[in-house]
Asker: 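Questions regarding the structure given below will be posed in turn.
Remember, it's 1-based here, ligands and their atoms both numbered in the order they're listed. Quantities reported herein were computed from a predicted structural model and do not represent experimental measurements.
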Amino acid sequence: MADFIQTKTKGDEYEIVPAKEYPKSYKKTTEVAQKEQEDNARPKIKNKLPDVSKYDTIFIGSPIWWSEYPMVVRTFLDGVNLNNKNVVPFTTHEGSGLGNTTETLKKQYTRAKVLKGFSVSGSDAADARSDVNSWLNGLGY
Ligand SMILES: Cc1cc2nc3c(=O)[nH]c(=O)nc-3n(C[C@H](O)[C@H](O)[C@H](O)COP(=O)(O)O)c2cc1C
């Protein structure tokens, strides 16, 4: 999805890479992620944070984990300043859609304009280019 957005918007792309890999097993990952959420953890990011000051609009996407952004995305959100910018959530999911991501962004960045997000089920993501483009058209791209 991020690549589809990048192609259409011609923006720069940054990948949040967790410093510690998650378990290979899906079930174990759900357990680790649940604990991180319960602990309100801020897992470390491996790569350097981008300088977001030069951007007007930032798309923030991830898989939905327990109805939310994975906590490592919260580490990212704490490490940058998105106030006075347009911020746009996008997610892959298995039923939760955007989950609470829009609310999370609004709560943390009260002076950002949070635009209409978009979600697609994980299994449909690879074929979602035209749906992503329609959504972006609606945002004015
Ligand atoms: C830790 C964890 C928690 C998840 N929690 C949710 C959830 O609350 N709601 C949901 O719709 N999907 C949930 N999922 C499914 C992921 O969103 C899904 O795996 C992801 O979007 C990628 O899709 P794919 O596995 O088909 O590639 C969870 C997956 C993991 C690993």
Asker: Does Glu31 pair with Lys27 as a salt bridge, N-O distance under 4.0 Å?
Answerer: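 Judged by the 4.0 Å cut-off on N to carboxylate O distance, Glu31 and Lys27 do form a salt bridge.
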Asker: Which option out of Asp124, Thr30, Ile64 puts a heavy atom nearest to atom 4 (C) of ligand 1?
Answerer: Ile64
Asker: Do ligand 1 and Gly95 have nitrogen or oxygen atoms that lie under 3.5 Å from each other?
Answerer: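 Looking only at distances, the answer is yes, because the N/O contact criterion of under 3.5 Å is met.
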Asker: Quick one: are Phe59 and Thr9 in side-chain contact, heavy atoms under 4.5 Å?
Answerer: yes
Asker: What do the steps show when you test Ser121 against Asp124 for side chain to side chain donor-acceptor pair (under 3.5 Å), and what is the final call?
Answerer: CA-CA 5 Å; Ser121 79; Asp124 292 335; 3.1 Å; yes
Asker: Just to be sure I read this right, does ligand 1 sit under 4.0 Å from the backbone of Ser96, its side chain, both, or neither, counting only heavy atoms?
Answerer: both
Asker: Is Phe118 close to Ile5 at the side-chain level, that is, under 4.5 Å between some pair of heavy atoms?
Answerer: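 Side chain of Ile5 against side chain of Phe118, heavy atoms only: no contact under 4.5 Å found.
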Asker: Which atoms of ligand 1 sit under 4.0 Å from any heavy atom of Thr92?
Answerer: 17 (O), 20 (C), 21 (O), 22 (C)
Asker: Within ligand 1, which atoms have a heavy atom of Ala33 less than 4.0 Å away?
Answerer: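 Those of ligand 1 that fall under 4.0 Å from Ala33 are 1 (C).
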Asker: What residue among Val114, Asn81, Val87, Asn84 forms side chain to side chain contact (heavy atoms under 4.5 Å, CB included) with Tyr109?
Answerer: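 Passing option: Asn81.
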Asker: Starting from atom 31 (C) of ligand 1, find the nearest protein heavy-atom neighbour and note its residue, name and distance.
Answerer: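 Checking every protein heavy atom, the shortest distance to atom 31 (C) of ligand 1 gives Trp65 NE1, 3.5 Å.
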Asker: How far is atom 29 (C) of ligand 1 from its nearest protein heavy atom, and which residue and atom is that?
Answerer: Tyr26 OH, 3.2 Å
Asker: Would you say ligand 1 has an N or O under 3.5 Å from any N or O of His93?
Answerer: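 Right, the criterion is met.
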Asker: Can Asp39 and Lys35 be counted as an ion pair, charged N to O under 4.0 angstrom?
Answerer: yes
Asker: What residue and atom, counting heavy atoms only, is the protein's closest point to atom 24 (P) of ligand 1, and at what distance?
Answerer: Gly122 CA, 4.0 Å
Asker: Short N/O distance, under 3.5 Å, between Glu94 and ligand 1?
Answerer: yes
Asker: Identify the protein heavy atom lying closest to atom 5 (N) of ligand 1, giving its residue, its atom name and the separation to 0.1 Å.
Answerer: Trp66 N, 2.8 Å
Asker: Restricting to non-hydrogen atoms, name the atom on Pro89 and the atom on Leu98 that form the minimum distance, rounded to 0.1 Å.
Answerer: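 So the minimum-distance heavy-atom pair works out to O-CD2, 3.9 Å.
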Asker: Between Lys85 and Asp56, does any side-chain N to carboxylate O distance fall below 4.0 Å?
Answerer: no
Asker: What atoms of ligand 1 come closer than 4.0 angstrom to any heavy atom of Ser67?
Answerer: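 With Ser67 as reference, the close atoms of ligand 1 come out as 7 (C), 8 (O).
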Asker: Counting N and O atoms only, with roles assigned by atom type, does the side chain of Trp135 sit under 3.5 Å from a partner on the main chain of Lys116, one being a donor and the other an acceptor?
Answerer: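 Yes; at least one donor-acceptor contact below 3.5 Å.
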Asker: Below 4.0 angstrom from a heavy atom of Ser123, which ligand 1 atoms are there? Numbered from 1 as shown, please.
Answerer: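 Checking each atom against Ser123, I get 26 (O).
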